[in-house]
2 protein chains.
Amino acid sequence: MAGSKLDPIDRHILAELQADGRMTNVELAKRVGISAPPCLRRVRTLEESGYIKGYHADVDARELGFEVQVFAMVRLQSQAEADLSAFEARCRAWPLVRECHMLNGEIDFILKCVAPDLSTFQSFLTAELTAADNVASVKTSLVIRCAKDEPGLPFDVLEARLSKSA
Amino acid sequence: MAGSKLDPIDRHILAELQADGRMTNVELAKRVGISAPPCLRRVRTLEESGYIKGYHADVDARELGFEVQVFAMVRLQSQAEADLSAFEARCRAWPLVRECHMLNGEIDFILKCVAPDLSTFQSFLTAELTAADNVASVKTSLVIRCAKDEPGLPFDVLEARLSKSA
DNA sequence: GATGTGGCGAAATAATATTGCGTCTGAGGC
DNA sequence: GCCTCAGACGCAATATTATTTCGCCACATC
């Protein structure tokens with residue numbers, strides 16, 4: 001099973017750094033119950049082995065002037081691999097598109113977009129997204145409000161699972 | 001306009017910390033072109049005023065055993081505020097639900113969910129989500145692959161906008 | 001029971017964060 | 001035009017943290 005190369009201390013470290021990525025190493029060591037040097041070694045190992053992909057400040061979108069958040073459900077005309085890849089590459093190049101997931105079912109892609117205001121998004125939608133090659137249809141839904149936006153993963157679910165299989 | 005209380009250096013700090021939240025203050029100061037003490041003062045101010053909501057390690061979901069990611073489109077029977085809030089509260093309590101956004105249009109909510117495997121998600125879907133009070137219908141779409149998942153905001157868009165209005 | 005591997009922690013050192021303070025610049029009042 | 005003051009800067013000093021070094025112990029292998 002994936003993740004089983006990690007011991008409980010490693011998972012504890014990941015959970016703590018997921019919750020507060022700027023915690024000092026001494027504080028982290030205290031919380032997971034080991035001393036600072038081995039704790040730092042574990043963190044470095046987790047970083048190098050890819051368990052930790054990076055650290056990011058969580059910046060308030062509204063405060064910064066990004067008032068609008070939109071989900072766009074995209075259907076393509078062709079689902080040939082070359083066409084899927086081409087669309088993904090286009091998404092990566094659009095700064096307003098923050099996430100692009102390929103889905104099963106009738107919708108091919110779901111995009112999470114941000115914009116400073118509605119007109120900026122509308123311009124993007126009509127001039128770029130809908131107009132792009134191979135795009136059959138785009139259905140957009142404005143985010144009215146956000147009830148939950150937890151970064152990362154539920155470590156409690158993971159722990160429960162591992163204790164069962166043990 | 002929102003964000004205009006920030007000068008270019010502040011925005012530069014936000015952009016850098018969004019890209020690498022664990023950058024040392026001396027490195028950050030070097031990049032934004034001021035000395036360390038005022039740089040740290042600015043970071044603290046940005047944290048206290050809520051521009052920076054927190055810092056998080058980005059943990060690899062697959063490596064940790066979360067193989068499955070799903071978007072769930074939920075419609076409710078009643079859209080009265082009390083019923084909306086009740087559903088949101090339930091979402092906050094479900095660990096597999098990482099994001100819950102209220103949308104305009106025919107879909108009331110979109111949920112981003114993770115799970116260790118498909119059967120775990122199916123159990124959650126049938127026993128919890130679909131079975132919850134006031135839920136009229138749930139349409140789920142499995143994420144086949146993720147082409148883009150950028151944390152945070154496009155600062156280049158913001159800078160372009162501000163330079164135009166100047 | 002010898003031996004090697006891996007992880008731990010104490011101590012020392014290097015780097016970083018943080019505080020205190022003197023200086024400069026720009027806005028507003030006289 | 002000049003004075004004053006608030007805000008922000010940078011230097012230098014100090015406190016805290018990160019990082020390296022090294023010896024010790026537990027466990028698995030033979």
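Chain naming here is simple, since letters A, B, ... match the order of the sequence lines and numbering starts at 1 in each.
- A donor-acceptor pair under 3.5 Å is absent between the side-chain atoms of A/R11 and the main chain of A/E159, judged by distance alone.
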- Task: Kindly indicate, with the supporting measurements, whether the criterion side chain to side chain donor-acceptor pair (under 3.5 Å) is fulfilled by B/T126 and B/Q122.
- Result: CA-CA 6 Å; B/T126 55; B/Q122 297 284 16; over 6 Å; no
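- Between B/F124 and B/W94, the ring planes lie perpendicular to each other; the angle is over 60°, past the 30° to 60° tilted range.
- OP1 or OP2 of C/dT18 sits under 4.0 Å from a side-chain N or O of B/R44.
- Shown here for B/R22 and A/G21, the closest heavy-atom pair between the two residues is NE-O, 3.2 Å.
- With ring centers used as reference points, A/Y55 lies 6.0 Å or more from B/Y55.
- Across residues 14-23 of chain A, not one residue has a non-hydrogen atom less than 4.0 Å from an atom of DNA chain C.
- In this structure a side-chain-to-backbone donor-acceptor pair under 3.5 Å is present from A/R92 to B/A147.
- If you take CG on A/L118 and CG on A/L142, they are separated by 6.0 Å, rounding to the nearest 0.5 Å.
- Straight-line distance from the CD1 atom of A/I9 to the P atom of C/dG6: 18 Å, rounded to whole Å.
- The distance from the CD1 atom of A/I13 to the CZ atom of A/R42 is 5.5 Å, given to the nearest 0.5 Å.
- Using a 4.0 Å cutoff on non-hydrogen atoms, the parts of residues 25-42 of chain A near DNA chain C are A/I34, A/S35, A/P37, A/P38, A/R41, A/R42, ordered by number.
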